[in-house]
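By convention in this document, chain letters (A, B, ...) are assigned in the order of the sequence lines, proteins followed by strands, and residues within each chain are numbered from 1. Scope of the values below: all heavy atoms of this structure, side chains included, with no hydrogens, waters or symmetry mates. Since the structure is predicted, the reported quantities are computational estimates derived from the model, not experimental observations.
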Amino acid sequence: MLSIKNLHASVEGKEILKGINLEIKAGEIHAIMGPNGSGKSTLSQVLAGNEAFEVTDGEVLMDGNNLLDLATEERAREGVFLAFQYPVEIPGVSNMQFLRTAVNALRHHRGEDEMNAAEFMKLARETSKQVDLDPSFLKRGVNEGFSGGEKKRNEILQALLLKPRLAILDETDSGLDIDALKVVADGVNALKSEDRAVLMVTHYQRLLNHIVPDYVHVLADGRIVKSGGPELAFELEERGYGWLGINEAVAS
Amino acid sequence: MKPAPTLSPAFLEPAGQQLPAPLLALRKQRGTALADMPLPTRKTENWKYSSRYLQMNEALATGLRPEGKAGPALAVDGYHVVFRNGVIVPEASVYPDTAGIEIKSFSELSDTEATDLAERLDNTLDSNAVQLARLNSARFEDGLLVRLKPDAVLDQPLFIVCETDASHSGSAYPRIYVDAGRHSKITLVEEYISTGGEPAMVNAVTEFTLAEGAQVTSVRLSLDGENVQHIGATGARLKASSRFESHTVGFGGPLRRHDLQVRLEEPGAECKLNGVVVTQGKQHYDNHTTIEHVAPHCNSEETYRNIAADQSHIIFNGRIHIHQDAQKSNANMSNKNLLLSNGAEIDTKPELEIYADDVKCAHGATVGQLNEDSIFYLVSRGIGRREATTLLSMAFINELIEQIPVALVRETSQARLNEFIDRTFVEV
């Protein structure tokens with residue numbers, strides 16, 4: 001479904017991604033691990049279409065189409081979803097209004113009728129319970145005054161509502177206590193389906209106790225230096241990154 | 001050096017004489033005082049950024065007479081008074097029938113009442129600061145007097161729809177005076193609209209006096225057409241523990257000027273002034289506000305937000321004057337501005353004059369653009385760029401719109417602002 005070939009990207013003239021190759025099939029869960037500064041978040045942002053990053057070489061094909069030719073909103077409409085590491089607070093736009101506008105933008109793209117406010121309200125309330133977010137959060141400004149955990153749950157709520165083909169989770173586990181981690185993991189597991197792929201970017205192995213990936217990749221200095229099965233994550237947890245020849249202190 | 005142009009004498013000739021003698025006398029006296037008044041220029045400090053938008057040609061001096069049909073107004077079910085070209089239209093109005101509340105047009109006042117009113121008119125406004133609004137006092141054809149006896153409470157908002165029928169060129173001078181007695185309470189909504197396409201000018205003055213403990217909420221919605229220049233002034237004087245709340249929502253035009261002056265004259269008085277302005281194309285809007293902290297222990301809270309698109313121009317001048325005796329004053333002023341294009345201009349000027357030493361006074365002004373991170377967040381969910389910018393622009397002002405305590409005005413404002421902002425981004 002997703003095919004990343006020799007992807008190079010830089011920000012403000014500094015090259016961060018130095019030739020990423022990755023194949024992801026529908027139904028698979030991939031985890032990308034690596035020390036701080038290895039390019040994990042850059043990869044997420046580039047896939048979602050953040051224009052602050054410049055792609056200097058390579059291609060990203062989704063179902064055979066070059067994703068890099070599409071504007072951010074077009075990628076989303078084709079099924080790319082990024083759960084942000086730092087979700088943005090937008091006071092003045094209610095969460096409900098934001099979610100409904102997004103869901104209807106995707107429905108419109110698929111040639112489906114828009115959902116009216118009442119229909120959507122029902123759906124959103126049900127889904128918010130699934131991520132243990134009180135429905136009162138729907139009335140508040142987007143992420144406004146949400147705790148770190150609430151913001152992450154709001155990201156998963158969006159993923160559940162938007163039903164992406166490719167869900168990219170950027171450090172969705174960071175800053176969560178154990179209960180919140182469990183809720184987020186349950187949400188991600190609920191996303192798992194035959195026609196959907198999940199790409200999890202994480203610094204720690206602990207999320208992988210709750211979500212079992214099909215593949216684990218180690219990213220260092222802008223390249224994938226090792227790939228393996230779920231056992232690789234445990235090995236990293238035990239041995240750190242040093243045995244792979246990665247100097248974590250230098251990389252960060 | 002070329003002398004500054006002066007006000008054409010034609011502006012000092014009122015059209016109608018349907019007022020009680022004391023008000024006719026007042027009008028004449030104000031007119032005499034304005035003879036040879038120099039028109040504002042770039043060098044006139046409080047018109048520095050706006051004088052170039054002002055057109056006071058003789059064709060505009062003609063007093064517009066009430067005629068034609070009512071234009072599209074807010075669909076008000078409740079109490080409302082309709083001014084057409086500055087004259088009240090009783091058959092289009094529904095006055096409240098509430099104990100302790102008296103509503104009359106100036107033309108139906110007795111001589112005694114008119115004498116009393118003539119002594120009060122203009123007393124809430126600093127004549128030096130609002131020279132052009134003074135023209136209203138020389139020209140008004142009619143007016144609305146609202147008097148609340150002590151403890152009188154109006155159970156629903158009173159809408160005042162000021163229509164300008166600009167099927168001919170000329171000017172109109174709506175006038176409102178509200179006298180709120182002790183512990184009385186009223187919400188008053190002024191809506192300015194126009195029909196017809198000829199160049200016209202509205203010069204509207206509204207005054208409030210608040211006795212001890214009175215609570216007045218004033219909502220001002222400025223929706224005049226592109227052919228209409230609008231000069232407005234609102235004055236309020238507050239006695240002990242009274243509260244004045246003002247919400248203005250303004251859409252730009254060829255010239256839009258509103259002066260708002262509030263005097264906190266006795267301890268415990270407080271005011272809250274909110275304002276929202278949006279402009280596009282080559283439109284203009286200028287808000288000048290003054291809060292006089294005359295007495296100690298008074299509070300003022302002021303929040304204005306502006307959005308300028310295209311080549312439009314917004315001015316905000318917020319003056320807070322804390323007098324020497326006004327110890328323990330608490331004053332907060334915030335003005336945030338959003339520029340949607342490189343060609344737009346916003347001039348913001350907080351003016352603080354503080355003569356008391358034990359006060360809390362905070363002010364802040366910012367001018368910025370939409371946050372790219374916020375735009376990216378929205379478009380990454382499939383929302384189009386244009387819709388994202390509309391959502392974010394609305395978010396910038398929604399906080400203030402949501403505070404408008406009248407649902408009809410809130411909804412109308414939101415719909416109009418949405419439409420306005422959406423139109424602004426068509427080219428993006």
Side-chain angles (χ1 to χ4, degrees), chain A residues 44-53 70-110 139 141-144 151 154-155 157-159 161-165 167-168 170, chain B residues 247 249 274-278 303-307 334-338 340 364 366 368-404 410-411 413-415 417-422 425 428:
Chain A
S44 314
Q45 296 278 326
V46 167
L47 292 177
N50 189 339
E51 287 166 7
F53 298 89
L70 301 180
T72 308
E73 61 269 30
E74 293 168 329
R75 296 183 198 192
R77 291 167 193 167
E78 293 299 330
V80 176
F81 177 89
L82 169 65
F84 282 58
Q85 182 179 4
Y86 302 110
V88 182
E89 295 198 17
I90 309 180
V93 177
S94 81
N95 216 9
M96 182 70 89
Q97 185 187 15
F98 161 59
L99 295 169
R100 188 159 82 93
T101 307
V103 165
N104 280 335
L106 300 198
R107 291 177 72 93
H108 181 77
H109 178 70
R110 294 193 296 260
K139 290 184 186 160
V142 176
N143 295 318
E144 187 184 3
K151 283 180 183 167
N154 201 31
E155 295 294 290
L157 167 65
Q158 292 167 47
L161 287 170
L162 296 173
K163 299 184 170 59
R165 296 210 59 221
I168 306 161
D170 188 3
Chain B
H247 301 263
V249 180
N274 282 357
V276 167
V277 168
V278 292
T303 314
Y304 271 64
R305 296 221 172 148
N306 305 317
I307 301 181
S334 155
N335 171 232
K336 289 188 184 170
N337 300 284
L338 193 55
L340 294 182
T366 60
Q369 291 166 335
L370 288 176
N371 182 323
E372 276 301 323
D373 290 342
S374 303
I375 294 177
F376 177 61
Y377 190 69
L378 295 179
V379 298
S380 80
R381 299 304 184 239
I383 297 171
R385 203 158 238 284
R386 183 177 145 199
E387 197 164 6
T389 44
T390 301
L391 273 175
L392 292 174
S393 303
M394 278 304 290
F396 181 73
I397 46 184
N398 250 344
E399 193 189 320
L400 296 183
I401 299 296
E402 278 163 8
Q403 289 177 36
I404 297 174
R410 209 164 47 231
E411 286 152 18
S413 303
Q414 242 146 7
L417 288 164
N418 246 324
E419 195 185 300
F420 179 98
I421 289 169
D422 204 41
F425 291 113
V428 174

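- The shortest side-chain heavy-atom distance between Q45(A) and F376(B) falls under the 4.5 Å cut-off.
- R305(B) is listed as a side-chain neighbour of E399(B), based on a closest heavy-atom distance under 4.5 Å.
- Looking at E78(A), neither its backbone nor its side chain comes within 4.5 Å of chain B, counting heavy atoms on both sides.
- A donor and an acceptor atom, one from each side chain of N95(A) and E144(A), are nowhere located under 3.5 Å apart.
- Across L162(A), I90(A), L106(A), N50(A), the residue that shares the most heavy-atom pairs under 4.5 angstrom with chain B is N50(A).
- Here the closest heavy-atom approach between residue E155(A) and residue F84(A) is recorded as OE1-N, 2.7 Å.
- Neither the backbone nor the side chain of E372(B) has a heavy atom closer than 4.5 Å to any heavy atom of chain A.
- The greatest number of non-hydrogen atom pairs below 4.5 Å with chain B, out of R77(A), E74(A), E89(A), is found for R77(A).
- With sequence neighbours excluded, the residues forming a side chain to side chain contact (heavy atoms under 4.5 Å, CB included) with S334(B) are T303(B), K336(B), listed by chain and number.
- Highest contact tally toward chain B, considering only V80(A), L82(A), L99(A), V103(A), is held by L82(A) [criterion: heavy-atom pairs under 4.5 Å].
- Looking at P164(A), there are no atoms closer than 4.5 Å to chain B (heavy atoms on both sides), in backbone or side chain.
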